[in-house]
Protein chains: 2
Amino acid sequence: MQQKISSDTTRKKKVVDLHVIKVACNECSLHQLCLPRSISGTDLEKLDDIIERKKPLKRNDHLFQVGSTFQSIYVVRSGSLKTYSPTVDGQEQVTGFHLPGELLGLDAIGKGHHPCAAKALEMTSVCEVPFVNLEKLTQELPTLQHQLLRLMSKEIFDDQELMLLLGKKTAEARLSAFLLSISLRFKQRGFSCSEFYLSMSRNDIANYLGLAVETVSRMFTRFQEDGLISAERKHIIIKNRDDLQKIAGINEYCTDQTKKDSQAVL
Amino acid sequence: MQQKISSDTTRKKKVVDLHVIKVACNECSLHQLCLPRSISGTDLEKLDDIIERKKPLKRNDHLFQVGSTFQSIYVVRSGSLKTYSPTVDGQEQVTGFHLPGELLGLDAIGKGHHPCAAKALEMTSVCEVPFVNLEKLTQELPTLQHQLLRLMSKEIFDDQELMLLLGKKTAEARLSAFLLSISLRFKQRGFSCSEFYLSMSRNDIANYLGLAVETVSRMFTRFQEDGLISAERKHIIIKNRDDLQKIAGINEYCTDQTKKDSQAVL
DNA sequence: GTATAAAATTGATATTTATCAATTATAGTG
DNA sequence: CACTATAATTGATAAATATCAATTTTATAC
C-alpha cells in the first residue's frame with residue numbers, strides 16, 4: 001500500500017509544473033477535479049503535489065496490462081488509447097476508446113487490479129494520479145471529493161450511453177451513433193465536432209461495435225455516398241448531422257444544446 | 001439542496017430499524033457500505049439515520065422517471081427493476097436490470113438528474129439513501145468514503161462487462177452471456193446460480209440485447225434442445241454451464257472461482 | 001526509393017437475423 | 001369460469017450481415 005511514485009525526487013519544482021498543468025489542462029476533464037473554483041492556493045499545491053506526468057507512450061505501448069495491480073487513475077493529456085479484454089479464443093475485445101481529457105482506470109478501484117489492458121493508439125501522453133494520495137486528499141478537501149464522485153458518476157453515465165449504442169440492432173445505427181459519440185466527445189473538449197481524425201483502425205471500430213470489418217467499411221462507403229460524412233481514411237467530416245442522428249435513432253448523442261436541454265426535462 | 005425526506009418524524013425508532021436492516025442486508029451490496037467492519041456503534045447509528053425505506057413498488061410502478069432530479073441512490077432490497085431510456089421514435093430502450101442487492105441512481109450524480117427511468121418488474125422494495133447526507137457522512141468516516149468509491153468503481157466495471165456482452169456478434173453468444181451474467185449476479189447475492197426466475201419479459205431481454213423478440217425466443221428453444229438450459233417460461237435452470245460459456249466466448253462471466261483467479265493474473 | 005507488411009476496400013456467397021403473420025400459452029379481470 | 005389482453009412461440013420469407021477471397025491502398029522498414 002506504500003507508493004513508490006511520490007518518492008521520486010528528481011521531479012521538477014512544483015510551481016513550474018503547476019503552471020504547465022494549469023495551461024494544458026484547460027479543457028481536460030480532470031480540470032474540474034484538479035482546479036475547483038473554490039480551492040485555495042495552498043490546496044492547489046497539495047493537489048499538484050500528487051499528480052505525476054508519465055513519459056509519453058508510443059503507438060502500441062501499454063499504459064497498463066490486464067490484471068496489473070491498480071495504483072493510479074490516468075487522464076489522457078494528448079493522443080488516445082483503447083482498452084480491451086482478452087477473449088477465450090485468444091482474440092481481444094475492444095471495450096473503449098479514450099480521447100484527450102478522458103479518464104482511465106476507474107474500473108479498477110473496486111477489485112484492486114485492472115480488468116482490461118490499455119494500449120496507445122498513437123503517440124500519447126497521460127497524467128498519473130496515485131489513488132491513495134488522491135483519496136487521502138479528498139478527506140481534507142470536500143470539494144475535491146464531490147468532484148471525484150461526479151467524475152465517477154459521469155463515467156457510469158457515459159458507459160450506459162455506450163450500451164445504448166451497442167444495443168442498437170442495425171450496423172448503420174451503430175456506426176452513426178459511434179461517430180456522433182466521438183464527435184460529441186471532441187466537442188466537449190473544445191475540439192471541432194464536425195471534423196476530426198479517428199485514431200483507431202476500422203478493425204478496432206468493428207470489434208468495438210460487434211460488427212465485421214467489412215461491414216464497417218461498407219457503412220463508411222455508404223455514408224459517404226449518401227452525403228452524410230466525408231471519410232478520407234481516418235479524416236472524418238460530419239456533413240449531415242441531422243440525418244446521422246435519425247439513423248442512430250436515439251436522442252442521447254445530439255450535440256445541439258437545445259435538444260439536450262429539452263431531453264433533460266422529464 | 002434541502003432534504004425533505006429526513007424531516008419525516010413518523011419514522012420508527014432507530015434501533016429497531018437498524019436491527020432489521022442488519023439482518024436483511026446480509027447479502028446486499030450496500031452491506032459493505034452500510035456496515036464496514038471497522039465502524040463503531042455510534043457511527044453505525046449515524047449511517048442508519050440517513051437510510052430510508054421506500055414503500056414497496058408494485059409491478060410497473062416507477063422508482064424514478066427520466067429527467068427527475070437526483071436526490072438519492074437506491075438499493076434493491078427484494079424484487080427487481082429495469083432501467084430504460086426513451087428513443088426518438090417513442091420506443092424505449094432497456095439499459096439494465098437490477099436485482100436484489102444492486103444499486104440504482106449512481107449515473108445521476110454527475111448531472112443532477114436521472115438519465116433513465118426505473119420501473120419495477122415485480123413487487124419490489126428498495127432502500128433509499130439521500131445523497132447529500134451520505135456525502136456529508138463520508139467526510140466524517142473515511143472507511144465509508146472508501147466503500148462508496150469501491151462501489152462506484154464496481155458499477156463502472158460491471159457496465160463494461162455488459163458492454164462486452166452487447167459487443168458480441170451472434171445472438172446465441174449474447175443470450176448465453178446474458179444468462180451467465182444473471183446467474184453470476186444471483187450467486188454473488190447468495191442465491192442459486194444454476195436455478196432462478198427471470199423477472200423480465202422476453203421482450204425486455206430482446207430489447208436489452210439488441211435482438212428481435214422472436215430471435216430470443218428461438219434461442220431459448222435451441223438452448224433447451226441442446227440441453228444447455230431448461231427454460232419453463234421464466235424459470236431457468238442452467239444445465240451445461242461449460243458449453244454456455246464456450247458459446248458466450250468470453251472468460252468474464254465464469255462463476256468458477258479458479259478460472260476467475262487465473263484470469264486476474266496478467 | 002523500393003520492398004514488405006498491414007489496413008482498408010470491394011465483390012460474391014452463405015449464414016444469420018429481422019420482419020410479417022399466425023398460433024398458442026399465460027396472466028389478469030369481471 | 002369465461003373473456004380479454006398480453007406474452008411467447010413457431011413458421012415462412014426478406015433483409016442484413018458474416019464469411020471468404022481478391023484487390024487496392026496505405027504505412028513501415030530497409
Side-chain angles (χ1 to χ4, degrees), chain A residues 58-61 82 87 89 91-94 119-123 166-179 197-226 229-236 247 249, chain B residues 58-61 82 87 89 91-94 119-123 166-179 197-226 229-236 247 249:
Chain A
K58 287 195 296 293
R59 194 168 123 85
N60 292 328
D61 279 354
K82 70 172 173 183
T87 61
D89 51 344
Q91 301 289 96
E92 59 183 49
Q93 184 163 341
V94 177
K119 188 194 268 187
L121 292 167
E122 56 193 316
M123 189 66 79
L166 293 166
K168 314 227 138 300
K169 278 195 257 294
T170 67
E172 59 174 10
R174 289 189 190 191
L175 185 61
S176 62
F178 171 76
L179 289 172
Y197 282 85
L198 291 176
S199 55
M200 67 293 291
S201 68
R202 300 282 195 268
N203 220 313
D204 284 337
I205 296 174
N207 186 312
Y208 178 61
L209 296 178
L211 300 167
V213 205
E214 295 92 333
T215 306
V216 169
S217 183
R218 275 183 254 267
M219 288 300 147
F220 268 107
T221 312
R222 189 194 294 178
F223 283 1
Q224 282 196 93
E225 287 169 354
D226 297 351
I229 63 169
S230 154
E232 184 85 23
R233 200 90 180 145
K234 297 187 183 301
H235 180 210
I236 307 291
I247 291 169
Chain B
K58 288 194 296 292
R59 194 168 123 85
N60 292 328
D61 279 354
K82 70 172 173 184
T87 61
D89 51 344
Q91 300 290 98
E92 58 183 51
Q93 183 162 343
V94 177
K119 188 194 268 188
L121 292 167
E122 57 194 316
M123 190 66 80
L166 293 166
K168 314 228 136 298
K169 278 195 259 293
T170 67
E172 60 174 8
R174 289 191 190 191
L175 185 60
S176 62
F178 171 76
L179 289 173
Y197 282 85
L198 291 176
S199 55
M200 68 293 288
S201 68
R202 301 281 195 267
N203 221 313
D204 284 337
I205 296 173
N207 186 312
Y208 178 61
L209 297 178
L211 300 168
V213 204
E214 296 93 331
T215 307
V216 169
S217 183
R218 274 183 255 268
M219 288 301 147
F220 268 107
T221 312
R222 189 194 292 176
F223 284 0
Q224 281 196 94
E225 286 167 357
D226 297 351
I229 64 170
S230 153
E232 184 84 23
R233 200 91 179 141
K234 298 190 183 300
H235 180 212
I236 307 291
I247 291 169

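Proteins get letters first, then strands, A, B, ... in listed order; numbering begins at 1 in each. Every heavy atom of this structure was used, including side-chain atoms; hydrogens, water molecules and symmetry mates were not.
- DNA chain D lies under 4.0 Å from at least one heavy atom of each of the following residues of residues 205-217 of chain A: A:G210, A:L211, A:A212, A:E214, A:T215.
- With rounding to whole Å, A:K169 atom NZ is found 18 Å from D:dA15 atom P.
- Summarising the geometry of A:K168 relative to A:A173, their closest heavy-atom pair is CD-CB, 3.8 Å, with the distance given to 0.1 Å.
- Separating the CG atom of A:N60 from the C1' atom of C:dA6 is a distance of 12 Å, rounded to the nearest angstrom.
- Side chain of B:R202 to main chain of B:K234: no donor-acceptor pair is present (N/O by atom type, distance under 3.5 Å, no hydrogens or angles).
- Taking the side chain of B:R218 as heavy atoms from C-beta on, and the options C:dA8, C:dA12, D:dG11, the nearest nucleotide is D:dG11.
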Original post:
Between B:I229 and B:Q224, is a side chain to side chain contact (heavy atoms under 4.5 Å, CB included) present by the stated rule, with each step listed?
Top reply: CA-CA 5 Å; B:I229 64 170; B:Q224 281 196 94; 4.1 Å; yes

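- Of all non-hydrogen atoms in B:S199 and B:L121, the two that sit nearest each other are OG-CD1, 3.6 Å.
- Here the P atom of nucleotide C:dT15 and the CZ atom of B:R222 are 13 Å apart, to the nearest Å.
- Protein atom CG of B:L175 is 15 Å distant from nucleotide atom C1' of C:dT16, rounded to whole Å.
- Atom CZ in A:R202 sits about 15 Å away from atom C1' in D:dA27, given to the nearest Å.
- In the set C:dG28, D:dA8, D:dA27, C:dG28 carries the atom at the smallest distance from any side-chain atom of B:R59.
- Between B:K58 and B:M123 the shortest side-chain heavy-atom distance falls below 4.5 Å.
- Among the atoms of the strands shown, only primed sugar atoms or phosphate atoms (P, OP1, OP2) are found under 4.0 Å from some heavy atom of A:M219.
- Of the side-chain N and O atoms in A:K234, none sit less than 4.0 angstrom from OP1 or OP2 of C:dA7.
- Nearest to the side chain of A:R233, among D:dT17, C:dA7, D:dA8, sits C:dA7.
- Look at CE on B:M123: it is 11 Å from P on C:dG28, rounded to the nearest Å.
- Looking at heavy atoms from C-beta onward, B:L175 lies out of side-chain contact with B:T215 at the 4.5 angstrom threshold.
- Axis deviation across the helix from C:dG1-D:dC30 to C:dG30-D:dC1 amounts to 60°, comparing end segments of five pairs, rounded to 10 degrees.
- In this structure, A:S176 contributes its side chain and A:E172 its backbone to a donor-acceptor pair below 3.5 Å.
- Rounded to an integer number of Å, the gap from CG of A:D204 to P of C:dA6 is 15 Å.
- One interatomic measurement links the two molecules: CZ of B:R174 to P of C:dA18, which rounds to 8 Å at whole-angstrom precision.
- Nearest-nucleotide positions on DNA chain D for A:E232 and A:A171 put A:A171 closer to the 5' end.
- Pairing each heavy atom of A:Y208 with each of A:L166, the nearest pair is O-CD2, 3.2 Å.
- Of the possible donor and acceptor atoms, one in the side chain of B:N207 sits under 3.5 Å from a partner among the backbone N and O of B:E92.
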